Amino acid sequence: MKKGDHLFLVDGSGYIFRAYHALPPLTRKSDGLPVGAVSGFCNMLWKLMKDARNTDVGVVPTHFAVIFDYSSKTFRNELYAEYKANRSAPPEDLIPQFGLIRQATRAFELPCIEMEGFEADDLIATYAKLACEAGADTTIVSSDKDLMQLVGPTVSMYDPMKDRQINIPEVIEKWGVPPEKMVDLQALTGDSVDNVPGIPGIGPKTAAQLLEMFGDLDTLLERASEIKQDKRRETIIANADKARISRELVRLKNDVAVPEPLDDLVLHPANGPKLIGYLKAMEFTSLTRRVAEATGTEASEIEPATITVQRVEDAHGPDVGAGADSTSPSRGGRAAGAGGVVDDGSDPTPALRADPPLKGEGKAGFTPSALAQSRADAAASSKIDRSAYATIRDLATLQAWLAEAREAGIVAFRTETTSLDPMQAELVGFSLAIRPGRAAYVPLSHRSSAVDLLGGGRAPDQLSFDEAFPLLAPLLSDPSVLKVGQSTKYDWLLMHRLGVDIAPFDDTMLMSYVADAGTGGHGIDALAERWLGHAVIPFKDVVGSGKSVVSFDLVDIERATTYSTEGADLALRLWQVLKPRLVANSLMSVYERLEKPLVPVLARMEERGVSVDRQMLSRLSGELAQRAAALEDEVYQLAGEKFTIGSPKQLGDILFGRMGLPGGTKTKSGQWSTTAQVLEELATEGYELPRKIVDWRQLTKLKSTYTDALPGYIHPETKRVHTSYAMAATSTGRLSSNEPNLQNIPIRTAEGRKVRTAFIAQPGNKLISADYSQIELRILAHVADIPQLKAAFANGDDIHAITASEMFGVPVEGMPREVRSRAKAINFGIVYGISAFGLANQLSIPREEAGAYIKRYFERFPGIRDYMDRTKAFCRDTGYVETIFGRRAHYPEIRASNPSIRANSERAAINAPIQGSAADIIRRAMARMEGALVEAGLPDVRMLLQVHDELVFEAAAEDVEAAMPVIVRVMEDAAMPAVALSVPLKVDARAADNWDEAH
DNA sequence: AGGTTGACATA
DNA sequence: GTATGTCAACCTT
């Protein structure tokens, strides 16, 4: 090898992993052999061998080798036994590809180099050094940071997936240090993937800063006592040895006795027939064709080569380690919050719900708070013994447990099913817990798992659904037995589908939500951790994750017993803790009136679903695709190059970097901001491209989120879309909707509204949409007691116009649109806990001007400023704010010393009582709606959707006229009698064939 | 494959 | 300035 030669070293092992995850999965047509990474690898090699000049490398290789890791054990394990100890097994469909890629390398007639005891990186380092000594240049084909230490004047790296060369400046840009300091930097930061320890708490940013200050690692460790930050200084001194070991682990060995001499790596012309034989065997048709053309070979005359597919256990690949570490998906949501008193109607709490004293708990001398405290203490200190759980496999035992539950009057109930979606789920088994530690699982339809080659056979020794359910059902609806559950809506809906309504019940997720909204999650995992100091078995540990997930009926019964009974046991214990907390904080009425009644109501709404016109969405999708494609061309034209328009990073670089457009601002991660607001401004200044991007984004957003995704949610049997409402997800008391989210269906633009027209009524029916008008401003007028606003609402005046008139002294008659819309923005701002910064942003005016508006507003409506000050003070004192119905929302960070965090909490605390009161009102309306419709002789009018201030119904055309006034009345009167609002509520209702026209 | 970010849909 | 959920791109396992 000589000066002017150019050596390419491909990091084969690194490429395999990256290609596997970055490229779409691909399987060989004839037999389904996974070959995605192999295909990417072959295309990359061919490109580099034939066409490297036209890549970002820009030079032609003279020497070429592909380097692999030999096995997981290397000399580094001698240095540090834990090195790469936490590696987990490669994915199953990647394993056969390791061998295929080595075969591919040979088919390309390229040296395929690996060596026991060394990593590919060490061999690469050695060859790069040898080439350098011979005066030649080297390109390392990899983007692995571990190789960046090798970059220098004659050595560069090349990322083939991004077609990007990495030289000294790129390393500095990415890591803040030049390549020769990469070893020191990695020694400081460590590497969690390879289990290199580093120094805890030091990341790349800090490491670069330290190296900038001290020059190198040795100096840093020597003079560590000079570091100013106390904590940092101490950890560095304490972990100096770890850093030194880490340095040895990350430093690559460049004097390995390599198996092939450098000169043997010389690149030969491709052996067309051999390569084509391999490619044909892999069924890579387009690459076969390209290779045939380039090498002048007649592909049809060549037989496919024989390919050996390695068996899994033979695979060389990175180590097969252990360690599933996962968190459980919790059915509950998360929230924030705190309360008051609702008192109206009859008390729905039966006497049995009274909290009976537990064994050993004195009957006298307990105040509610003391009881709550003693329960919490007891729960936290009692142990959870998984070995005590039982599996029920025969009818006599089941009957005995059911009798015991009846006797106790309370039972925790939990279902296990085949799906997280209650509309798709099939019951697999259920658990009962009668008192802490006394719990059992009843398997019903477990199948023997994959060990059985026939698969899917019924597991032995379990009751059948037909045997067990007739015994279970009466218990679930037994009025004298309280059923305790976690996220009961799921179980309620599931059981409703099977023909039983669960009643009475308590829901620990909702109890926690009412007691502690704002202080953390309300899933069983979070609650068990918080109240019982217990870590639940993660759901993932039971059913697996990713590709290896199995349906719950394939989980073996012993494992299922442990998992499921623990869930029921925990729910029961949580109930014992949370129930007295609600009582102690006067939150029972919030729970009983605003949460529990909604469980069956929402379950029925979810079960009903809504009709969506698949054809209409499909047509719209095609239209959007065409228009987006046209825009794409124009964008490339204007930009002068092709790029991924959907990548804000690439877009920002083109707009503000290469094209040098003015007015760029950075996001908090340092990228150019390309929000619609920024692009709109550029468009106003006459640039063409930003406008196109905004349009393109709108079209692709509509396409991907709505026209393309929604049809996938159409239930195969009902042919309707069934959303799911999260009851404990928000800090304010609002619901949220997911899978799909039907609370954000477009409405603002003409294009978007077309999506809305696809939500339709069944033939012969209409959709009725009823929504509260200005409900949040009305609540603000009430709680802040603002005479002008209350009068305006009482008179039915235009509230934004009145506001503008008060503020600017302009008469309402003939008021310019612009003036009114400014007042409207201010009104919204007030509800959101206004800041001059935010209002300025919204109106695109200077902050000073926005500040002046706010000042004027407070002068005209001093009650609002009083209300805001009172609310903040209350929250600072108590840690929470409350709605007019006593629901609490906790904002502990309102006491933060960081002014920005504190200000954020203050705005949230101002908004929560308003948003939350509105949420409470519509909850009350929903709880009463079905009864009111039945009473009005309209039992077939179905409530389908809730969108915060709107309810959507479906009704037979002939019922519409009668239904609308009932709906409107229930909604307008929803606050009464618990709260007599000093402002009327107004509801507008309309009916039509689709949601767009009804709204 | 999971997690994060930026963008954007709604009230 | 409030409250959400979803998607594509991107980074790292």
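None of the values given here were measured: they were computed from a predicted structure. Residue numbers start from 1 in every chain, and the chains themselves are labelled A, B, ... in the order their sequence lines are given, proteins ahead of strands.
Put simply, CD on Gln698(A) is 16 Å from C1' on dC7(C), counting in whole angstrom units. Summarising the geometry, the separation between OH on Tyr725(A) and P on dG5(C) is reported as 13 Å, rounded to the nearest angstrom. Rounded to whole Å, atom P of dG5(C) lies 13 Å from atom OH of Tyr706(A). One interatomic measurement links the two molecules: CD of Gln946(A) to P of dG5(C), which rounds to 13 Å at whole-angstrom precision. When rounded to the nearest whole Å, the span between CG of Leu699(A) and C1' of dC8(B) equals 13 Å.
Ile747(A) comes within 4.0 angstrom of sugar-phosphate atoms only, judged by non-hydrogen atoms across all strands, and of no base. Counting any heavy atom pair closer than 4.0 Å across all strands shown, Glu739(A) reaches sugar-phosphate atoms only and no base atom. In this structure, Arg697(A) reaches the sugar-phosphate backbone alone: every heavy-atom distance under 4.0 Å involves primed, P, OP1 or OP2 atoms, never a base. At a threshold of 4.0 angstrom between heavy atoms, the contacts of Asn744(A) include nucleobase atoms, whether or not backbone atoms are also involved. At the heavy-atom level, Val831(A) lies nowhere under 4.0 Å from the strands shown. Ala918(A) comes within contact range of no nucleotide atom at all, as no heavy-atom separation falls under 4.0 Å. Thr700(A) comes within 4.0 angstrom of no nucleic acid atom, judged by non-hydrogen atoms across all strands. Ile830(A) comes within 4.0 angstrom of nothing in the nucleic acid, heavy atoms only. Using a 4.0 Å heavy-atom cutoff across all strands shown, Ala840(A) reaches no nucleic acid atom at all. Here Ala836(A) lies out of heavy-atom contact (under 4.0 Å) with every strand.
In the model, Tyr158(A) has a side-chain atom that pairs as donor or acceptor with a side-chain atom of Asp163(A) under 3.5 Å.
Asp708(A) and Lys703(A) are joined by a salt bridge, as a carboxylate oxygen and a charged side-chain nitrogen come within less than 4.0 angstrom of each other. Ion pairing of Arg18(A) with Asp11(A) is absent here, as no side-chain N (NZ or NE/NH1/NH2) approaches a carboxylate O to less than 4.0 Å.
Side-chain to base pairing of Arg734(A) with dA11(B): one donor and one acceptor N or O lie within less than 3.5 Å of each other. In terms of polar N and O atoms assigned as donor or acceptor, the side chain of Gln915(A) comes within less than 3.5 Å of the base of dT2(C) in a complementary pairing.
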query = What does nucleotides 8-13 of chain C look like as a protein-contact string, B for base, S for sugar-phosphate only, - for none, at under 4.0 angstrom between heavy atoms?
reply = SSSSSB

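Proximity note for Asn741(A) (side chain, C-beta onward) versus dT10(B), dG5(C), dA3(C): the nearest is dG5(C). Nearest nucleotide to the Ala729(A) side chain, out of dC7(C), dG5(C), dA3(C): dG5(C). Of the candidates dA3(C), dT10(B), dG5(C), the closest approach to any side-chain atom of Lys701(A) belongs to dG5(C).
Distance CG/Leu617(A) to CG/Leu702(A): 11.0 Å, rounded to 0.5 Å. For the atom pair CG (Leu682(A)) and CG (Leu661(A)), the distance works out to 5.0 Å, reported to the nearest 0.5 Å. Distance check, rounded to the nearest 0.5 Å: CZ of Arg902(A) to CD of Glu893(A) gives 12.0 Å.
OP1 or OP2 of dT4(C) has at least one side-chain nitrogen or oxygen of Ser731(A) nearer than 4.0 Å.
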